[in-house]
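Whatever order the structure lists them in is the order used to number ligands and atoms, beginning at 1. Treat the numbers as computed from the prediction; the structure is a model and nothing was measured.
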Amino acid sequence: MGDPNLQIKSEWVTDFAGEELQSNIGDMIDTMRHYRGVGLAAPQIGIAKRIIVLEVANNPRYPQADAIALSVLINPQISDFSEQTETAWEGCLSLPGLRGKVSRARSVAYQAVNENGERKQAIVQGFLARIIQHEIDHLDGILYPQRLDDLKQFGFEDSLPDFQL
Ligand code: ZN
């Protein structure tokens, strides 16, 4: 948090054929798994490109979350946000040890391109919708503390009286 690289708008991916894209995606998946994230955006590892990865599998940082298969979303865009919102605790690998309660759309419709260059679109809800909104925010230079409604619900995991997984 505070790093200017996390405050800029990332570039759209235009080269789907080169090795660089696959190498970036591989680095992102390795980093997400190593630090036990449920999602990662390219700018978090210093790559200013519109790529996100996500996966939930027995994650101790989110023990209640249902499993979500590994997914790579290139140039993801949300076309529709539900009016209904949900508030929940979020964390971020770029803000280690911190959590904050953030309100997000309960469901979103998105489009993206996958690692094979294929277009995909879906309507998702709940935790997956939250991860996608959080990660796309990274591509626009936004970190979750900028979305907090109440700064009292932001702090260190060990110190927040109301924080629970
Ligand atoms: Zn994050």
Side-chain angles (χ1 to χ4, degrees), residues 1-13 21 24-78 81 85-108 110 112 114-115 122 124-160 162-165:
M1 182 163 59
D3 181 342
N5 291 314
L6 292 175
Q7 298 170 358
I8 56 170
K9 269 190 180 282
S10 291
E11 303 278 333
W12 298 93
V13 174
L21 177 62
N24 289 341
I25 292 168
D27 289 346
M28 289 173 65
I29 294 169
D30 289 348
T31 305
M32 171 177 67
R33 288 178 173 166
H34 180 79
Y35 291 103
R36 299 191 175 283
V38 291
L40 189 86
Q44 292 183 274
I45 57 166
I47 301 166
K49 289 185 195 163
R50 301 188 79 83
I51 310 167
I52 68 177
V53 296
L54 55 97
E55 179 181 47
V56 182
N58 288 329
N59 192 309
R61 293 179 69 241
Y62 298 90
Q64 308 298 330
D66 291 335
I68 297 171
L70 176 65
S71 185
V72 177
L73 306 182
I74 302 166
N75 297 340
Q77 277 185 294
I78 293 175
F81 295 85
T85 57
E86 235 169 38
T87 301
W89 290 103
E90 286 188 19
C92 179
L93 297 183
S94 298
L95 289 74
L98 291 164
R99 299 278 182 148
K101 225 170 190 181
V102 182
S103 175
R104 302 272 188 191
R106 195 179 128 59
S107 73
V108 295
Y110 76 89
N114 72 10
E115 66 275 29
V124 295
Q125 54 184 321
F127 193 48
L128 178 53
R130 177 171 297 276
I131 297 171
I132 289 174
Q133 290 172 83
H134 175 117
E135 301 307 336
I136 292 179
D137 268 355
H138 276 297
L139 305 182
D140 292 322
I142 296 166
L143 298 178
Y144 78 78
Q146 293 166 253
R147 301 267 187 211
L148 294 167
D149 295 323
D150 180 358
L151 279 169
K152 286 183 182 161
Q153 294 191 307
F154 175 55
F156 294 103
E157 283 176 2
D158 319 355
S159 309
L160 288 162
D162 296 338
F163 172 66
Q164 52 187 14
L165 287 166

Novice: Are any non-hydrogen side-chain atoms of I132 and P76 less than 4.5 angstrom apart?
Specialist: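 The answer is no; the side chains never approach within 4.5 Å.
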Novice: Under 30°, 30 to 60°, or over 60°: which ring-plane class applies to Y144 and F154, parallel, tilted or perpendicular?
Specialist: perpendicular
Novice: Tell me, please, whether Y62 has R99 positioned over its six-membered ring: NZ or CZ under 6.0 Å from the ring centre and within 45 degrees of its axis?
Specialist: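 Verdict for Y62: a cation-pi partner in R99.
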Novice: Which residues and atoms, protein N, O or S only, are under 2.8 Å from the Zn ion (ligand 1)?
Specialist: C92 SG, H134 NE2, H138 NE2
Novice: Answer yes or no: is there a side-chain heavy-atom contact under 4.5 Å between L54 and S71?
Specialist: yes
Novice: Run the side chain to side chain contact (heavy atoms under 4.5 Å, CB included) test on L148 and V102 for me, step by step, so that the C-alpha distance in whole Å, both residues' side-chain angles and the decisive distance to 0.1 Å come before the verdict.
Specialist: CA-CA 5 Å; L148 294 167; V102 182; 4.1 Å; yes
Novice: State which residue, out of E90, E135, Q125, E86, fulfils the side chain to side chain donor-acceptor pair (under 3.5 Å) condition with R130.
Specialist: E90
